[in-house]
K.L.:
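First the structure, which I've put down as structure tokens, then a few questions once you've had a look.
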2 protein chains.
Amino acid sequence: MTEKNQKQKIVIIGGVAAGPKIMAKLLRTFGNFQIDLYTEEDMISYSACGLPYFVEGLIEDVNKLIVRTPEQFEQKGANVHLNKRCTKILPQEHKIVVQDTKTGIIQQVEYDKLAITTGARPILPPIKNHHLENIFTIRKIKDGVNIRNKIRDKDTKKAVIVGGGYIGIEMLEAFFKNNLEVTLIERKEHILSIFDAEISDMIAAEIVNMSKGKVKILTSESVVAFEGGNGKVEKVITDKGQKIEADIVVIATGIVPNTEIAADAGIELGVSNAIRVNNRMQTTVKDIYAAGDCIENFHLVSKNYCWIPLGSSANKEGRCAAINIAGGYDAFAGVLGSAVTRYDTMSISLTGLTETEAKKFGFDVISSTMTKKDKAGYMPDAENITLKLVVDKRLKKILGAQAFGNGDADKRVNTVAAAIAADQTLDNFLHTDMTYAPPFSTSVDPLLSAALVINNQIYKS
Amino acid sequence: MTEKNQKQKIVIIGGVAAGPKIMAKLLRTFGNFQIDLYTEEDMISYSACGLPYFVEGLIEDVNKLIVRTPEQFEQKGANVHLNKRCTKILPQEHKIVVQDTKTGIIQQVEYDKLAITTGARPILPPIKNHHLENIFTIRKIKDGVNIRNKIRDKDTKKAVIVGGGYIGIEMLEAFFKNNLEVTLIERKEHILSIFDAEISDMIAAEIVNMSKGKVKILTSESVVAFEGGNGKVEKVITDKGQKIEADIVVIATGIVPNTEIAADAGIELGVSNAIRVNNRMQTTVKDIYAAGDCIENFHLVSKNYCWIPLGSSANKEGRCAAINIAGGYDAFAGVLGSAVTRYDTMSISLTGLTETEAKKFGFDVISSTMTKKDKAGYMPDAENITLKLVVDKRLKKILGAQAFGNGDADKRVNTVAAAIAADQTLDNFLHTDMTYAPPFSTSVDPLLSAALVINNQIYKS
């Protein structure tokens with residue numbers, strides 16, 4: 001253990017979002033720390049969420065995705081070790097084992113407090129010939145650079161995206177905007193399966209409608225093999241026997257948390273093999289904290305554990321971990337799973353539980369879905385938004401909201417998130433004093449209309 | 001009183017927003033009602049808030065501002081009486097006196113339940129020669145039509161707006177967008193004086209900056225006289241001796257509630273002579289309800305009475321009044337004063353108390369103002385927003401928020417409104433799970449950044 005007047009040794013494993021956040025917060029905190037961050041990558045602190053927009057061409061310089069450089073941290077007194085993979089955690093000895101990815105040299109590093117922020121990695125489904133050239137996953141900066149280079153090649157005309165989650169949809173936008181002919185293949189019945197099925201289907205129809213024949217979405221269909229010539233992908237073969245031509249393929253079939261070294265060290269894992277932490281970001285092993293995409297979350301509505309890896313949560317968890325590592329006290333209660341993405345001009349967002357999830361958790365669900373103008377109907381730029389509110393009939397509590405549309409939909413979901421987080425009842429929520437002026441809303445905001453409809457249904461039924 | 005099986009007579013005075021809302025809600029409610037609405041105007045149910053955008057030319061057909069016509073209501077069984085001014089309420093006899101504005105004929109109308117929704121009217125300050133031609137106020141449809149006709153006249157080049165509140169700013173946009181040279185004159189030290197002074201000043205500077213020399217804003221200056229030729233306004237004279245040329249003048253120096261007949265009838269008035277009602281919209285006189293711009297409000301943060309006449313509140317109050325008139329039970333707790341307007345691409349919004357107000361009400365105020373990008377800084381359409389959060393240090397409760405900017409500022413104010421309405425603490429608010437993706441936000445939303453800054457200040461101080 002650290003002697004008095006000696007610096008406390010803080011070691012962080014992982015350098016994308018939560019790790020650098022912990023480092024940054026510790027550097028602003030009073031305390032005598034020696035901070036060492038180890039990452040197997042050759043850079044730290046970048047916005048993986050920005051990659052689809054770099055691929056699309058909205059951002060020219062990939063370096064803009066870098067939030068902070070190792071040099072910026074080192075100037076403030078932290079040590080950043082690139083290309084060093086942590087291969088083992090030794091909790092008894094308060095040490096980790098690190099291997100240089102270039103030289104292979106192995107070293108042991110002592111810690112007083114350890115933070116695991118190893119993130120997640122793409123799942124590669126067992127598809128035949130997935131090692132062919134021009135088949136990509138997208139998670140790291142170099143993936144984005146490679147994909148962009150390929151689509152800027154004038155011979156790249158047809159693309160296939162495997163997987164219809166957020167990343168799949170974001171890559172779909174990137175490819176569509178670069179004039180590729182794109183087929184998105186989702187093995188489940190619906191794309192964006194974290195939404196209720198009828199909402200996902202409306203979104204899918206809208207995407208196809210907006211894309212003027214350039215985009216196809218196939219659901220309930222799986223990719224079983226790739227075919228190629230000269231080592232390069234040329235065709236995508238599905239379980240229904242379709243052969244789809246492709247000059248480029250992106251596989252975005254989900255991610256798994258990087259928690260093998262944590263499990264090896266005897267740290268308890270939870271849902272989806274993510275690391276279980278308490279509300280102070282402490283793992284089940286003394287002096288070891290975790291934050292970011294590699295940890296399990298507690299859901300504030302279902303009151304159950306879940307795994308919803310998001311950059312917004314990583315920041316909150318990183319801050320919480322840092323305060324507690326530094327000897328302070330902070331508690332992060334949990335998440336609502338609030339998330340947003342877009343397809344071209346259409347935003348797609350949700351918070352809390354969907355109707356399907358809410359029923360699964362035993363809530364007495366009532367819901368309302370409506371399509372309304374986002375601002376006064378007479379304003380020339382009024383656009384449709386579709387909102388679904390999910391409420392517990394008996395508790396009269398809002399459980400969740402889903403929204404999409406070309407209008408101003410996503411920020412309304414945040415208004416619901418604030419209400420859910422504060423345990424607001426429906427009766428009070430429908431009186432929320434929301435701002436109104438014709439360029440911004442209707443005199444009864446669509447959100448309040450949805451709440452009123454549910455309220456009327458509850459009292460009549 | 002009404003006999004059994006006889007229809008209950010509901011009489012509504014006033015036809016712009018709250019009156020028609022009551023009528024519409026009653027028509028959807030079970031109950032045997034005879035509904036009669038009296039208005040001195042020749043139309044009902046229109047969006048006065050939309051007038052500046054009609055003047056600007058964003059809406060071509062003024063009829064689009066009409067929400068519902070008398071015919072639509074009459075088809076559903078209500079009676080709408082246009083051009084009938086209510087001159088007296090006789091509470092003992094349960095009657096009102098109505099005069100036809102065209103024929104002068106007076107009649108008495110019996111009621112079982114009466115709703116006063118008489119709204120408000122512009123204040124006309126005592127400025128010399130204010131009866132000259134081309135000097136307007138703006139409240140009714142015909143005002144909008146007259147102003148628009150005048151600015152479409154090719155000889156109309158210079159405009160003066162007297163008053164720098166919401167309507168003044170909205171008319172400024174309308175005139176600026178129609179290529180007029182505009183001077184806005186505000187007698188107070190700051191325009192938009194419901195904001196904190198430094199925020200108002202930033203907004204004023206931004207308006208001038210966005211207007212490339214076409215817009216001047218004068219503060220701490222009063223208009224004392226108009227000068228004209230041929231009965232038409234030509235010059236505006238200020239107390240500082242300036243003579244400003246003007247082909248058109250709009251006076252937007254505020255409004256007062258139309259409550260004289262209520263006061264005459266012995267109904268208690270409150271702040272600003274607005275009608276005092278309880279949370280069921282009942283006035284102090286039996287069987288008389290009131291709603292909309294003519295009533296006083298209860299402020300959910302200050303817990304004091306106030307007068308904040310807004311279309312959004314009028315709808316909620318109208319609904320509440322209708323349910324209670326119909327014999328049901330509904331309570332409308334109060335308002336936060338949430339409001340929004342815009343100047344060209346800049347939104348301007350607030351909710352709850354400003355710092356100045358909060359101090360006045362004895363709160364232990366701490367605040368944070370920051371200018372941040374509304375989305376990831378690397379996105380090409382990222383724009384600045386300036387946010388001010390006002391918090392009580394000891395209670396750790398959010399008291400209010402002010403926001404402006406070309407970025408997505410106004411909807412973030414609604415997120416704060418939902419949190420305030422639910423009595424959320426700062427500690428919990430800063431963990432609110434807000435949606436994040438680069439085209440929509442930063443990984444730590446600007447709102448949460450502002451909350452974090454205040455939180456850090458509280459713990460350090």
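In what follows, chains carry the letters A, B, and so on, assigned in the order in which the sequence lines appear, proteins first and then strands, with residues in each chain numbered from 1.
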K.L.:
Can you tell which part of A:D330 gets under 4.5 Å to a heavy atom of chain B, answering side chain, backbone, both or neither?
P.N.:
side chain

K.L.:
Heavy-atom cut-off 4.5 Å, strictly under: side chain, backbone, both or neither for B:N455 against chain A?
P.N.:
side chain

K.L.:
Relative to chain B, which of A:P438, A:A376, A:A437 shows the most heavy atom pairs under 4.5 Å?
P.N.:
A:P438

K.L.:
For B:L310, is it the side chain, the backbone, both, or neither that has a heavy atom closer than 4.5 Å to a heavy atom of chain A?
P.N.:
neither

K.L.:
Count the heavy-atom pairs under 4.5 Å between each of A:G50, A:A422, A:S338 and chain B, then report the option with the highest count.
P.N.:
A:S338

K.L.:
So what's closer than 4.5 Å to chain A heavy atoms on B:F440: side chain, backbone, both or neither?
P.N.:
both

K.L.:
In chain order, what residues pass the salt bridge (charged side-chain N to carboxylate O under 4.0 Å, His left out) check against A:D433, with sequence neighbours excluded?
P.N.:
none

K.L.:
Do B:E60 and B:R148 meet the salt-bridge criterion of a basic N to acidic O distance under 4.0 Å?
P.N.:
yes

K.L.:
Would you mind checking which part of B:A331 comes under 4.5 Å of any heavy atom in chain A, side chain (CB onward), backbone (N, CA, C, O), both or neither?
P.N.:
backbone

K.L.:
Among B:Q424, B:K64, B:H431, who wins on heavy-atom pairs under 4.5 Å with chain A?
P.N.:
B:H431

K.L.:
What are the two closest non-hydrogen atoms of A:I59 and B:Y378, and how far apart are they?
P.N.:
CD1-CD1, 3.2 Å

K.L.:
Would you say B:L192 and B:Y166 make side-chain contact, with heavy atoms under 4.5 Å?
P.N.:
yes

K.L.:
With only heavy atoms counted, which part of B:A339 is less than 4.5 Å from chain A, the side chain, the backbone, both or neither?
P.N.:
backbone

K.L.:
Against chain A, label B:S347 side chain, backbone, both or neither, depending on which of its atoms sit under 4.5 Å from a heavy atom there.
P.N.:
both

K.L.:
Given heavy-atom pairs under 4.5 angstrom as the criterion, report whether the side chain, backbone, both or neither of B:L448 touches chain A.
P.N.:
side chain

K.L.:
Relative to A:Y329, does A:R280 satisfy both conditions: NZ or CZ under 6.0 angstrom from the six-membered ring centre, and within 45 degrees of the ring's axis?
P.N.:
no

K.L.:
Tell me, please, which residues at least two apart from B:P309 pass side chain to side chain contact (heavy atoms under 4.5 Å, CB included).
P.N.:
B:I255, B:D293, B:W307

K.L.:
Output yes when a side-chain donor or acceptor of B:E317 lies under 3.5 Å from a complementary backbone atom of B:G292, and no otherwise.
P.N.:
yes

K.L.:
Checking side-chain polar atoms at under 3.5 Å, does A:T435 have a donor or acceptor matched by the opposite partner on B:D410?
P.N.:
no

K.L.:
Among residues 411-420 of chain A, which ones touch chain B with a heavy-atom distance under 4.5 Å?
P.N.:
A:K411, A:R412, A:V413, A:N414, A:T415, A:A417, A:A418, A:A419

K.L.:
Measure distances from A:L447 to the heavy atoms of chain B and classify the residue's part below 4.5 Å as side chain, backbone, both or neither.
P.N.:
neither

K.L.:
Do the side chains of A:I348 and A:R342 get nearer than 4.5 Å, heavy atoms only?
P.N.:
no

K.L.:
Who among B:P380, B:P439, B:G334 has the most heavy-atom pairs with chain A under 4.5 Å?
P.N.:
B:P439

K.L.:
Just to verify, what does A:H299 make a ring-ring contact (aromatic ring centres under 6.0 Å, His included) with, not counting sequence neighbours?
P.N.:
none

K.L.:
Under a 4.5 Å heavy-atom cut-off, does chain A meet the side chain of B:T341, its backbone, both or neither?
P.N.:
backbone

